There are 2 protein chains.
Amino acid sequence: MADVNNPGLNLLFLRDEELRQGIELLFFAYRDFTAEPDAILAKYDFGRAHHRVIYFTGRSPGMTVGELLGILRITKQSLSRVLGQLLKQGFIQQKTGSRDRRQRLLYLTEKGAELERQLSAEQRARIARAYRAAGAQAVEGFRKVMLGIIGREEDRRRFASKAGAAPGIAKPGQGTGTQG
Amino acid sequence: MADVNNPGLNLLFLRDEELRQGIELLFFAYRDFTAEPDAILAKYDFGRAHHRVIYFTGRSPGMTVGELLGILRITKQSLSRVLGQLLKQGFIQQKTGSRDRRQRLLYLTEKGAELERQLSAEQRARIARAYRAAGAQAVEGFRKVMLGIIGREEDRRRFASKAGAAPGIAKPGQGTGTQG
DNA sequence: TTGTTTACGTCAGCCATGTTGACATTTATG
DNA sequence: CATAAATGTCAACATGGCTGACGTAAACAA
């Protein structure tokens with residue numbers, strides 16, 4: 001293909017095989033990453049869309065509907081369907097913004113928070129296992145590459161090193177183990 | 001939140017933050033990773049499901065329907081819909097297996113191969129950019145972590161170190177499929 | 001104050017893609 | 001020869017994207 005005719009690329013050893021493996025790593029990892037929560041959600045008659053709303057609401061309590069739409073990159077009509085269900089069933093509550101009373105700030109209820117913990121516990125455990133097995137240095141590489149894949153600086157900002165002194169993390173073998 | 005009032009949880013807080021960032025890296029990376037191909041596919045009235053079939057058929061020419069189902073982890077009825085369209089429109093062709101004539105081995109047509117190149121070019125470029133920006137060592141870490149996230153050894157095998165291998169490897173599932 | 005824009009909600013319908021269940025055909029295999 | 005396997009197909013249903021149109025309340029600018 002084109003790569004073969006482009007000597008510049010070859011210098012970087014970014015061979016087609018390597019790049020395709022990257023593509024497939026994303027596919028398989030994401031496929032498996034979402035499988036467990038899906039099973040839990042089914043018990044509540046919820047789907048992946050509900051999970052995302054619950055997750056990001058738990059992550060950033062007080063977030064506006066518009067901000068959530070910006071993260072999910074779906075239409076308000078799509079969001080409305082799942083958000084409406086979560087509100088009606090008491091997993092999420094809205095509060096009118098005090099600074100701007102047009103805004104509806106989103107919060108998990110206690111019930112919602114419990115489901116959130118249950119769902120993300122599975123995913124955190126999976127990530128923890130992978131991090132532990134790979135080692136701290138690999139985790140740093142993982143972060144770098146993933147940040148490179150994310151398209152918008154606006155989205156990357158969310159990952160700005162809060163771990164500024166982060167190196168004290170999970171080494172292979174031990175781990176803190178207490179986190180569910 | 002409760003964390004703030006709980007002294008001695010600092011290590012755990014960092015760890016939870018780190019794990020959640022991992023969750024979000026997967027979400028954002030996958031979201032952006034699929035966005036560009038989706039736009040191209042729309043022109044053909046195809047969706048992400050078509051892309052997956054085209055991609056994996058191109059990756060492993062001669063693969064059986066059953067093997068593809070195993071990779072995608074969807075039902076044969078779901079696959080049948082998109083595969084049928086791709087066959088009818090001449091993007092994919094099937095050949096009866098020579099070893100086992102019940103099997104239908106999948107191949108891209110030239111038309112299909114061209115679409116495949118167009119689609120994966122976007123994704124390969126994205127991965128290439130990320131790899132280049134992160135550096136070789138980071139890529140190694142990325143691979144390690146991603147492999148840890150993938151659940152089944154069976155799937156991980158596909159990534160067995162072809163590290164020093166020559167370019168242009170094809171991994172025909174098994175059958176030579178010389179039958180017409 | 002008034003007019004416009006913004007943030008959010010909602011109704012209605014369409015489409016893609018996943019699911020289950022039932023059944024048919026061809027071929028391999030014990 | 002009987003059974004199992006690989007594949008295909010029909011039908012019905014659910015989820016969660018989408019567009020388009022329209023409504024309300026609040027903020028903001030002229």
Side-chain angles (χ1 to χ4, degrees), chain A residues 27 30-31 34-35 37-55 57 62-88 92-106, chain B residues 27 30-31 34-35 37-55 57 62-89 92-106 173-175 177 179:
Chain A
F27 170 77
Y30 195 79
R31 185 200 63 182
T34 49
D38 283 356
I40 300 176
L41 289 157
K43 296 183 208 156
Y44 293 80
D45 269 306
F46 287 159
R48 214 172 277 182
H50 300 85
H51 185 186
R52 291 195 279 255
V53 171
I54 287 177
Y55 178 84
T57 299
M63 166 184 266
T64 69
V65 171
E67 286 165 350
L68 182 54
L69 286 174
I71 287 176
L72 301 178
R73 293 203 194 289
I74 59 176
T75 60
K76 63 177 177 176
Q77 295 93 327
S78 292
L79 174 59
S80 148
R81 196 155 32 201
V82 293
L83 182 55
Q85 292 170 29
L86 292 169
L87 288 167
K88 193 190 301 188
I92 285 188
Q93 72 182 114
Q94 289 181 320
K95 298 182 186 172
T96 296
S98 55
R99 194 192 80 239
D100 183 337
R101 294 165 40 78
R102 291 171 306 181
Q103 296 180 333
R104 299 289 174 270
L105 311 185
L106 302 173
Chain B
F27 171 77
Y30 195 78
R31 186 200 63 182
T34 50
D38 284 355
I40 300 175
L41 289 157
K43 296 184 208 157
Y44 294 80
D45 269 305
F46 287 160
R48 214 172 276 182
H50 300 85
H51 186 185
R52 292 193 279 255
V53 171
I54 287 177
Y55 178 85
T57 300
M63 167 183 266
T64 70
V65 170
E67 286 165 351
L68 181 54
L69 286 173
I71 287 176
L72 300 178
R73 293 204 194 290
I74 60 177
T75 60
K76 64 176 176 176
Q77 295 92 327
S78 291
L79 174 58
S80 148
R81 196 156 30 202
V82 294
L83 182 54
Q85 292 170 29
L86 291 169
L87 288 167
K88 193 189 302 186
Q89 296 179 43
I92 285 188
Q93 72 183 115
Q94 290 181 319
K95 297 183 186 175
T96 297
S98 55
R99 195 196 76 236
D100 183 337
R101 296 169 40 78
R102 291 171 304 181
Q103 296 179 332
R104 298 290 174 269
L105 310 185
L106 303 173
Q174 56 219 352
Q179 199 52 260

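As a basis for the values below, the full set of heavy atoms in this structure was taken, side chains included, without hydrogen atoms, waters or symmetry mates. Chain letters run A, B, ... following the sequence lines, proteins first and then strands; every chain starts at 1. Because the structure is predicted, anything quoted here is derived from the model rather than measured.
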Quiz item: For the base of C:dT26, is there a side-chain donor-acceptor partner from B:Arg102 under 3.5 Å away?
Solution: no
Exercise. Would you list the pairs meeting side-chain hydrogen bond (donor to acceptor under 3.5 Å, both in side chains) in which at least one residue belongs to residues 79-88 of chain A, sequence neighbours left out?
Key: A:His50-A:Gln85
Exercise. In whole angstrom, give the distance that lies between atom CG of B:Asp100 and atom P of C:dA28.
Key: 6 Å
Exercise. May I ask you to list the residues of residues 43-53 of chain B, by number, that have any heavy atom positioned under 4.0 Å from an atom of DNA chain D?
Key: none
Quiz prompt | Whole-Å distance separating the CG atom of A:Asp38 from the P atom of D:dG16 | solution = 9 Å
Exercise. For B:Tyr55, enumerate each residue passing the ring-ring contact (aromatic ring centres under 6.0 Å, His included) test, keeping only those at least two apart in sequence or located in another chain.
Key: none
Quiz item: Starting at the 5' end of DNA chain D and moving along, which residue's nearest nucleotide shows up first, A:Arg99 or A:Thr75?
Solution: A:Thr75
Quiz item: If you pin B:Leu69 and A:Gln85 to their nearest nucleotides in DNA chain D, which one's is more 5'?
Solution: B:Leu69
Practice problem: May I have the distance from A:Arg31 (atom CZ) to C:dG18 (atom C1'), rounded to whole angstrom? | Solution: 15 Å
Quiz prompt | Minimal non-hydrogen separation, B:Gly70 against A:Arg31, with atom names | solution = O-NH1, 4.1 Å
When the side chains of residues 93-101 of chain A are checked against the rest of the protein, which donor-acceptor pairs come out under 3.5 Å, sequence neighbours left out?
| residue | atom | partner | partner atom | Å |
| --- | --- | --- | --- | --- |
| A:Asp100 | OD1 | A:Arg102 | N | 2.9 |
| A:Asp100 | OD1 | A:Arg102 | NE | 3.2 |
| A:Asp100 | OD2 | A:Arg102 | NH2 | 2.9 |

Quiz item: Which pair of non-hydrogen atoms, one from B:Phe27 and one from A:Ile71, has the smallest distance, and what is that distance?
Solution: CE2-O, 3.9 Å
Exercise. Measure from the side chain of A:Ile74, starting at C-beta and using heavy atoms only, and say which of D:dC18, D:dG16, C:dT19 lies closest.
Key: D:dC18
Quiz item: Closer than 4.0 Å, any side-chain N/O of A:Ser78 to the OP1 or OP2 of D:dC18?
Solution: yes
Quiz item: Mind checking what makes side-chain contact (heavy atoms from CB on, under 4.5 Å) contact with A:Gln77, not counting sequence neighbours?
Solution: A:Thr75
Quiz item: Can you name the nearest heavy-atom pair linking A:Ala49 to A:Val82, along with the distance?
Solution: CB-CG1, 3.7 Å
Quiz prompt | Derivation of the side chain to side chain contact (heavy atoms under 4.5 Å, CB included) call for B:Phe46 and B:Leu86 | solution = CA-CA 9 Å; B:Phe46 287 160; B:Leu86 291 169; 3.7 Å; yes
Quiz item: What is the distance, rounded to the nearest whole Å, between atom CE of B:Met63 and atom P of D:dT7?
Solution: 11 Å
Quiz item: Atom CD of B:Gln103 to atom C1' of C:dT26: distance rounded to whole Å?
Solution: 13 Å
Produce the list of close N/O pairs, under 3.5 Å, pairing protein atoms with atoms of nucleotides 9-11 of chain C; give distances to one decimal.
| residue | atom | partner | partner atom | Å |
| --- | --- | --- | --- | --- |
| C:dG9 | OP1 | A:Gln94 | OE1 | 3.4 |
| C:dG9 | OP1 | A:Gln94 | NE2 | 2.9 |
| C:dG9 | N7 | A:Lys76 | NZ | 3.2 |
| C:dG9 | O6 | A:Lys76 | NZ | 2.3 |

Quiz item: Whole Å only: how far is the CD atom of B:Glu67 from the C1' atom of D:dT7?
Solution: 14 Å
Self-check item: Length of the line joining A:Ile92:CD1 and C:dC8:C1', which is rounded to integer Å
Solution: 15 Å
Quiz prompt | side chain to side chain contact (heavy atoms under 4.5 Å, CB included), paired with B:Leu106, selected from B:Val65, B:Ile54, B:Thr64 | solution = B:Val65
Quiz item: How many Å lie between CZ on B:Arg81 and C1' on C:dT20, as a whole number?
Solution: 13 Å
